[in-house]
Amino acid sequence: MASQKNFINGNWIEAQSGRTYQRLNPYDQSIVGVYQDSDAVDAELAIDAARLAFDTGPWRKTPAEQRAAVFKRAAQLLRERVDELATIMAKEVGQPKDEQLKFVSGAAATLEYYAGLIVSRRDEAVYGQHADAIGLVAKEPVGVVGTLTAWNTPLSVAHKSCPAMAAGCTLVVKPAHQSPGAILKFAEILQEAGLPPGVFNVLTSALDNGAVVGQAIAGSDKVDMVTFTGSSRTGSAVMRAAAGNLKRVKLELGGKSPQVVFADAPSLSVAAASCAKGFVRLAGQSCQAGSRLLIERSIKDEFIPLLLAEIEKVKMGDPLAADTTCGPLVSEDQLVRVEAFVADGKKTSRLLVGGHRPVDADLSRGFFFEPTVFDDVPLDSRLAQEEIFGPVLSILTFDSVEEAIELANRSLFGLVAGCWTQDLGTAMAFAQEVRAGMVWVNGYRDNSILKHMPVGGFKQSGIGREMGPEGLDEFLETKSIMIRHRL
């Protein structure tokens with residue numbers, strides 16, 4: 001299998017060292033792709049290309065309508081290649097192709113959204129404060145942006161790169177080494193759509209799990225901003241590396257998100273289905289996974305059988321199969337990590353279902369782990385407090401709205417939360433008091449009804465926001481201009 005090359009300054013080139021690495025399918029260990037194993041030397045080439053493109057290139061001065069046209073063309077190309085991109089991601093990430101199809105469509109929609117925002121965005125004028133002067137409050141691109149992406153949803157790079165490019169920035173992108181294929185295809189699409197050389201650069205690396213190149217980008221004085229999606233521990237390392245030139249930092253980090261079911265939920269069966277999907281989707285390998293379930297005590301005995309019935313419907317299997325709803329974990333290391341959490345949980349909590357690798361011979365080559373539910377979980381236990389990144393759910397019980405809010409907030413994280421209730425007062429109290437960047441009422445992880453709202457976390461779940469106008473603002477610097485037009 002021929003190796004796929006880095007994309008730097010509009011050219012496809014090999015790593016300077018000549019090293020490559022293989023990405024294996026976590027379902028059957030077949031080779032999915034061969035990629036460049038870049039190092040700090042390659043990172044410097046990509047950074048220099050982005051720096052030159054920002055300082056002297058045409059992109060940041062290109063009229064808004066022309067930039068929007070590039071985005072619209074790229075969105076069209078994404079939709080034309082949706083099956084190809086979804087297949088690549090299903091094989092590399094290990095999760096159902098049906099989910100990946102949604103991610104491709106979401107990336108295309110993000111391009112179209114920012115195409116519209118480029119044209120409609122307005123800056124401000126200060127007029128009338130002085131008879132002989134006016135002021136302008138202008139927004140300008142921050143500069144070169146280092147972009148370090150997560151492996152679980154590769155095309156979430158669109159949430160970072162689209163607003164950055166819309167602002168006029170140039171980018172150096174390092175995909176997670178487990179899933180770079182779709183991002184390289186995204187670079188190809190952007191080039192075909194007319195994006196100038198040097199605006200979007202991609203280099204792949206598996207050295208020290210990608211940390212060699214990631215640290216080179218985050219620590220470079222030629223980079224003005226770095227944005228990262230991943231664990232809170234790695235986010236701290238990125239932040240330390242970025243401190244050298246005090247560059248702007250945007251972080252989307254971990255979560256231990258609560259799903260809260262009140263006794264007056266509009267439908268316990270619908271809530272149970274949503275709660276099951278909330279922690280099983282992507283095999284629990286999502287920062288937004290609803291890994292804590294808080295149930296009001298009076299309905300617990302009725303609700304848990306409904307939840308377990310939904311979990312029985314989960315179909316583990318080949319990510320490319322139409323009936324698969326849960327694929328394998330991304331790697332053997334991740335499987336071992338999940339097993340360790342579960343073994344620890346068995347000492348402190350009551351196991352209701354799952355708890356081990358499946359015995360089905362058809363799944364033996366993959367890194368599968370059964371959807372697992374623990375009840376009577378101590379609040380201070382690892383199960384209740386730490387991000388597992390696997391299909392493991394911890395159940396806690398409450399007796400009042402105030403207690404539910406207190407339990408929901410008893411976490412270092414604050415990414416998302418959800419609750420089920422028919423009482424408007426309960427819903428508003430929960431939404432206002434829970435410290436999370438996004439709250440759903442009578443749903444969970446459902447952005448289909450209201451699209452392009454900003455996403456981001458409180459506490460150790462991150463810094464900054466993605467999507468919406470707020471996502472664009474992250475990549476803009478504010479400049480005040482005072483003009484005396486008459487002496």
Side-chain angles (χ1 to χ4, degrees), residues 7 10 49-80 103-125 136-147 149 155-173 183 186-202 224-227 248 250 252 447 450-456 464-481:
F7 183 67
R51 184 79 262 168
L52 183 66
F54 182 78
D55 292 339
T56 67
W59 180 249
R60 65 188 174 96
K61 298 179 181 179
T62 299
E65 288 189 357
Q66 293 181 28
R67 279 183 281 156
V70 172
F71 277 32
K72 291 176 182 178
R73 174 60 177 155
Q76 178 184 344
L77 292 171
L78 271 175
R79 290 197 168 94
E80 291 173 0
F103 290 136
V104 181
S105 297
T110 299
L111 279 162
E112 291 169 338
Y113 174 80
Y114 283 107
L117 203 57
I118 294 171
V119 177
S120 64
R121 191 183 69 82
R122 300 287 187 271
D123 291 339
E124 298 179 29
L136 302 176
V137 180
K139 301 289 184 69
E140 298 182 354
V142 70
V144 175
V145 179
T147 303
T149 71
L155 281 184
S156 63
V157 70
H159 305 332
K160 305 176 186 298
S161 63
C162 291
M165 291 186 294
C169 298
T170 60
L171 291 88
V172 179
V173 180
I183 295 180
F186 188 57
E188 181 182 306
I189 284 170
L190 289 173
Q191 182 183 41
E192 186 175 338
L195 192 71
V199 176
F200 190 87
N201 306 275
V202 184
D224 302 296
M225 176 177 176
V226 63
T227 173
R248 188 181 295 188
K250 185 166 73 69
E252 184 188 351
N447 296 337
L450 297 170
K451 299 181 179 179
H452 307 298
M453 293 183 71
V455 179
R465 294 295 181 266
E466 295 182 349
M467 299 303 298
E470 294 83 357
L472 178 60
D473 287 343
E474 294 284 348
F475 299 96
L476 293 168
E477 293 279 20
T478 300
K479 177 183 288 185
S480 294
I481 303 170

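This chain uses plain numbering: 1 for the first residue, then up along the sequence.
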Inset, instruction - Could you tell me whether the side chain of R121 and the main chain of V119 form a donor-acceptor pair under 3.5 Å? - result: no
Legend entry - Euclidean distance, I118 CD1 relative to C162 SG, rounded to 0.5 Å: 9.0 Å
Inset, instruction - For residues G168 and R67, report the shortest heavy-atom separation together with the two atoms involved. - result: N-NH1, 4.0 Å
Legend entry - Closest contact, heavy atoms only, R79 versus S105: NH2-O, 4.1 Å
Inset, instruction - Mark yes or no for whether Y113, through its side chain, and A108, through its backbone, hold a donor-acceptor pair below 3.5 Å. - result: no
Legend entry - Shortest non-hydrogen contact from Y114 toward G471: OH-CA, 3.9 Å
Inset, instruction - Provide the closest heavy-atom pair for A166 versus F71 in the form atom of the first, atom of the second, distance. - result: N-CZ, 3.7 Å
Legend entry - Minimal non-hydrogen separation, C169 against W59, with atom names: O-CD1, 3.7 Å
Inset, instruction - To the nearest 0.5 angstrom, please state how far the OG1 atom of T227 sits from the NZ atom of K160. - result: 3.5 Å
Inset, instruction - Mind listing the closest non-hydrogen atom pair of A68 and A115 along with its distance? - result: CB-O, 3.4 Å
Legend entry - Validation row: V70, M165 side chains within 4.5 angstrom (heavy atoms): no
Inset, instruction - Evaluate whether atom CD of E477 has more than 12 neighbouring non-hydrogen atoms of other residues, nucleotides or ligands under 6.0 angstrom away. - result: yes
Inset, instruction - Calculate, to the nearest 0.5 Å, the distance between atoms CG and OG1 belonging to L171 and T147 respectively. - result: 4.0 Å
Legend entry - Distance in Å, L78 CG paired with L190 CG, rounded so as to fall on 0.5 Å steps: 7.5 Å
Inset, instruction - Would you give the length of the straight line joining atom OG1 of T110 to atom NE2 of H452, rounded to the nearest 0.5 angstrom? - result: 6.0 Å
Inset, instruction - Among T56, T170, D224, find the residue that satisfies the side-chain hydrogen bond (donor to acceptor under 3.5 Å, both in side chains) test when tested with R51. - result: D224
Inset, instruction - Taking the side chain as every heavy atom from C-beta outward, state whether D123 and L136 have any pair of such atoms under 4.5 Å apart. - result: no
Inset, instruction - Kindly indicate whether the side chain of E188, heavy atoms from C-beta on, has any atom under 4.5 Å from the side chain of F7. - result: no
Inset, instruction - Kindly say whether E140 contributes a backbone atom to a donor-acceptor pair with the side chain of R60 at under 3.5 angstrom? - result: no
Legend entry - Reported CE-to-OG distance for the pair M467 and S156, which is rounded to 0.5 angstrom: 11.0 Å
Inset, instruction - Find out whether E192 and I189 are in side-chain contact, i.e. whether some heavy atom of one side chain is under 4.5 Å from a heavy atom of the other. - result: no
Inset, instruction - Decide yes or no on salt bridge (Lys or Arg N to Asp or Glu O under 4.0 Å) for E474 and R465, but give the supporting numbers first. - result: CA-CA 7 Å; E474 294 284 348; R465 294 295 181 266; over 6 Å; no
Inset, instruction - For the residue pair F200 and F186, categorise the inter-ring angle as parallel (less than 30°), tilted (30 to 60°) or perpendicular (more than 60°). - result: perpendicular
